[in-house]
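Each remark here refers to the structure printed beneath this line.
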Amino acid sequence: MLEITRIRSEKEAIIEGLKKRHFDAKPIIDDILTKDESWRSLKSNMESILSEMNASAKNIGLLMKDGKKEEAEKAKSEVSKLKDQEAKLKSQVDELEKEILQLMYLLPNVPNELVKAGKNELDNETVYEWGKTPNYNFEAMPHWDLAKKFDLIDFELGVKVTGAGFPFYKGKGAKLQRALITFFLSEAEKSGYTEYLSPHVVNEASGIGTGQLPDKEGQMYQIPIDGLYMIPTAEVPLTNIYRDVILPSEDFSIKMTGYTPCFRREAGSYGKDVRGLNRLHQFDKVEIVRIEHPSNTAKALEEMLEHVKGLLEKLGLQYRILRLCGGDTGFASAMTYDFEVYSAAQQKWLEVSSVSRFDTFQANRLKLRFKTADKKTQLVHTLNGSALALPRILASLLENHQTKDGIIIPEVLRPFTGFDKID
RNA sequence: GGAGAAAUGGCAGAGUGGUCGAUUGCACCGGUCUUGAAAACCGGCGUACCGCGAGGUACCGGGGGUUCGAAUCCCUCUUUCUCCGCCA
């Protein structure tokens with residue numbers, strides 16, 4: 001959520017910035033500012049009445065003490081009138097507050113200056129490429145065929161037990177999955193991230209804190225009887241650790257990592273894009289989250305990109321990095337880099353990581369702040385990224401490292417898998 | 001699941017209807033003293049919103065209520081602790 005003070009003072013810049021998303025913010029912002037103005041004047045009215053009431057109450061107390069009962073009774077009846085006025089004003093103020101908040105929720109984050117204007121994924125910029133496409137001298141199989149051939153993943157069993165998009169991993173498939181998780185966590189630890197094993201369901205306040213709620217609840221699996229939500233990413237529990245926190249000094253840099261399953265309802269996707277592991281309702285992911293001083297955000301983002309690059313290179317997977325255009329950048333993000341791995345067998349790029357800086361957008365909702373040197377409170381910056389999402393990594397690993405007689409496990413994973421080949 | 005107790009500022013801990021946004025101690029920050037440090041002493045020390053400012057308003061786990069007035073009384077929810085039951 002953008003800060004109301006910023007909307008007041010940088011109205012034009014925000015409208016301009018949001019044009020890069022093809023988002024017309026002007027009517028919303030105008031509406032907000034009009035409501036904000038009447039909110040302020042009503043509120044100031046209300047508060048002066050409250051002030052009067054407080055003074056009278058105090059006075060009545062003194063009169064009672066002095067035994068001046070009649071005067072006290074008279075004062076009481078006068079206060080009652082104020083009370084009615086106050087109640088009327090309060091309901092108006094509350095109503096306006098609610099309306100303003102609803103409008104604020106509609107405004108996405110303002111894109112960073114590096115972000116290009118654009119409508120959709122076609123306008124994304126490729127900023128980095130690494131690796132070569134494998135040259136198969138045989139008919140390369142897509143991962144769903146490989147998974148079947150080597151009995152690594154059972155999609156039908158998932159359908160039987162749960163539903164589509166909830167696969168079972170079996171045997172070496174399950175082990176490979178577990179090895180990847182451990183590998184990613186140990187790499188994150190080497191880069192200075194503290195590991196957390198978090199709850200996999202969260203309450204409403206947490207959903208609001210990271211922006212899934214109030215309007216994207218349809219993307220999450222819900223447990224209404226307990227008011228809980230299955231997490232769509234570890235970002236939610238990890239970032240919410242710091243909800244309503246004021247860090248005591250400017251000197252901080254919080255680096256967290258965590259493995260969790262991620263649950264996504266993802267309604268409305270069909271066809272070959274969702275084939276196999278390409279899109280699931282439940283998948284595993286290792287996430288990295290950072291909470292930074294605003295002056296350190298650019299550097300932190302750079303470090304996160306380097307970290308993810310390292311992972312993909314160690315796994316020997318050809319990849320490219322895209323800087324998303326305005327229209328393709330997530331609602332809360334100021335700038336996002338997507339990592340895509342090339343799947344030669346499917347002949348397409350698969351998104352395996354998304355690294356974003358949110359600046360104060362999440363911190364504002366989270367009320368996550370720090371104390372400046374001169375004792376002021378200021379919002380922190382948050383960042384996060386996948387490092388990495390498992391299914392498509394598994395898919396490209398199987399596809400890109402397949403040979404005629406089996407799948408070669410990358411060197412770095414062997415200590416974790418305990419085998420070097422699937423055949 | 002049943003019975004009881006509790007929730008106050010970074011922590012500890014007062015406060016049961018009227019200058020209480022809240023006594024006090026510790027912690028923390030600034031100052032005096034000191035060659036330096038400690039001790040001692042003095043001062044400061046929550047958050048948010050409105051206002052150019054003076055200042056005002058709200059917040060004592062959350063929400064609601066009673067009252068001229070609520071940290072204090074009532075209802076409700078949540079959480080924690082103790083006991084019983086059940087259980088990995």
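Just the heavy atoms: all of them, side chains too, but no hydrogens, waters or symmetry mates, feed the values below.
Legend: salt bridge (charged side-chain N to carboxylate O under 4.0 Å, His left out) pairs involving residues 353-362 of chain A, not counting sequence neighbours, sorted by first then second residue: R357(A)-D359(A). Counting only residues at least two apart or in different chains, ring pair (Phe, Tyr, Trp, His ring centres under 6.0 Å) contacts with residues 285-308 of chain A comprise Y193(A)-H307(A), H293(A)-F370(A). Applying the salt bridge (charged side-chain N to carboxylate O under 4.0 Å, His left out) rule to pairs touching residues 159-172 of chain A yields D151(A)-K170(A), sequence neighbours excluded. Screening residues 17-48 of chain A for ring pair (Phe, Tyr, Trp, His ring centres under 6.0 Å) gives no qualifying pairs among residues at least two apart or on separate chains.
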Dot-bracket encoding per residue of RNA chain B, Watson-Crick/G-U cut-off under 3.5 Å, | denoting interstrand: ((((((((.[[[..)..(.....]]].(((((.......))))).(((((....))))).[[[[[..)....]]]]])))))))....
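The gap from the P atom of G44(B) to that of A37(B) amounts to 23 Å, rounded to the nearest Å. Look at the P atom in both A14(B) and G85(B): the space between them is 33 Å, to the nearest Å. Rounded to whole Å, the P atom of C83(B) lies 46 Å from the corresponding atom of G30(B). Rounded to whole Å, the P atom of C20(B) lies 27 Å from the corresponding atom of A27(B). Comparing the C1' positions of U32(B) and A70(B) gives an interatomic distance of 43 Å, to the nearest angstrom. For the C1' atoms, the distance linking G51(B) with G65(B) amounts to 32 Å, nearest Å. Spacing of P atoms, G61(B) relative to G10(B), comes out at 13 Å, to the nearest Å. Spacing between A3(B) and G13(B) at atom C1', rounded to whole Å, works out to 29 Å.
Positionally, the nearest nucleotide of RNA chain B for G61(A) lies more toward the 5' end than for the other of M53(A) and G61(A).
Candidate nucleotides A48(B), U19(B), G69(B) were compared by shortest atom distance to the side chain of T377(A), and A48(B) ranks first.
Between the side chain of N240(A) and the backbone N or O of V236(A), at least one donor-acceptor pair lies under 3.5 Å. Under the 3.5 Å distance criterion, the side-chain polar atoms of R21(A) are matched with a main-chain donor or acceptor of T329(A).
In this entry the distance linking NZ of K83(A) with P of U66(B) reads 7 Å, nearest Å. Summarising the geometry, the separation between CE on M64(A) and C1' on G18(B) is reported as 9 Å, rounded to the nearest angstrom. Rounded to whole angstrom, the span from the CD atom of E73(A) across to the P atom of C68(B) amounts to 9 Å. What separates CD of E204(A) from C1' of U78(B) is a distance of 14 Å, to the nearest Å. When the P atom of G10(B) is taken as reference, atom CG of L247(A) falls 14 Å away, rounded to whole Å. When rounded to the nearest whole Å, the span between CG of D94(A) and P of G64(B) equals 9 Å. Following rounding to the nearest Å, L228(A) (CG) and U78(B) (C1') show an atom-to-atom distance of 13 Å. As a whole-Å value, the separation of I208(A) CD1 from G62(B) P is 17 Å.
RNA chain B is contacted by K76(A), V79(A) of residues 74-82 of chain A, taking any non-hydrogen atom closer than 4.0 Å.
Checked against side-chain contact (heavy atoms from CB on, under 4.5 Å), E16(A) has the following partners two or more places apart in sequence or in another chain: K19(A). With sequence neighbours excluded, the residues that form a salt bridge (charged side-chain N to carboxylate O under 4.0 Å, His left out) with E306(A) are K309(A).
In this structure, a donor-acceptor pair under 3.5 Å is present between the side chains of E3(A) and T360(A).
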Identify each donor-acceptor pair in which a side-chain atom of residues 410-423 of chain A lies under 3.5 Å from a protein atom, sequence neighbours left out, and give them as a table.
residue, atom, partner, partner atom, Å
R414(A), NE, I409(A), O, 2.8
R414(A), NH2, I409(A), O, 2.8
T417(A), OG1, L413(A), O, 3.4
T417(A), OG1, R414(A), O, 3.4
T417(A), OG1, F419(A), N, 3.3
T417(A), OG1, F419(A), O, 2.7

Using atom types as modelled, flag every donor-acceptor pair under 3.5 Å from a side chain in residues 98-108 of chain A to any protein atom, sequence neighbours excluded.
none

With a 3.5 Å cut-off and sequence neighbours excluded, list the donor-acceptor pairs that the side chains of residues 78-93 of chain A form with protein atoms.
residue, atom, partner, partner atom, Å
S80(A), OG, K76(A), O, 3.3
K90(A), NZ, D94(A), OD2, 3.1
S91(A), OG, K88(A), O, 3.0

Sugar-phosphate or base contact per nucleotide [nucleotides 49-58 of chain B; S, B, -; heavy atom under 4.0 Å]: SSS----BBS
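R323(A) has no carboxylate O lying under 4.0 Å from a charged side-chain N of D338(A), or vice versa, which leaves the two without a salt bridge.
Residue contacts for I246(A): at a heavy-atom cut-off of 4.0 Å it reaches the sugar-phosphate backbone alone, with no base atom in range.
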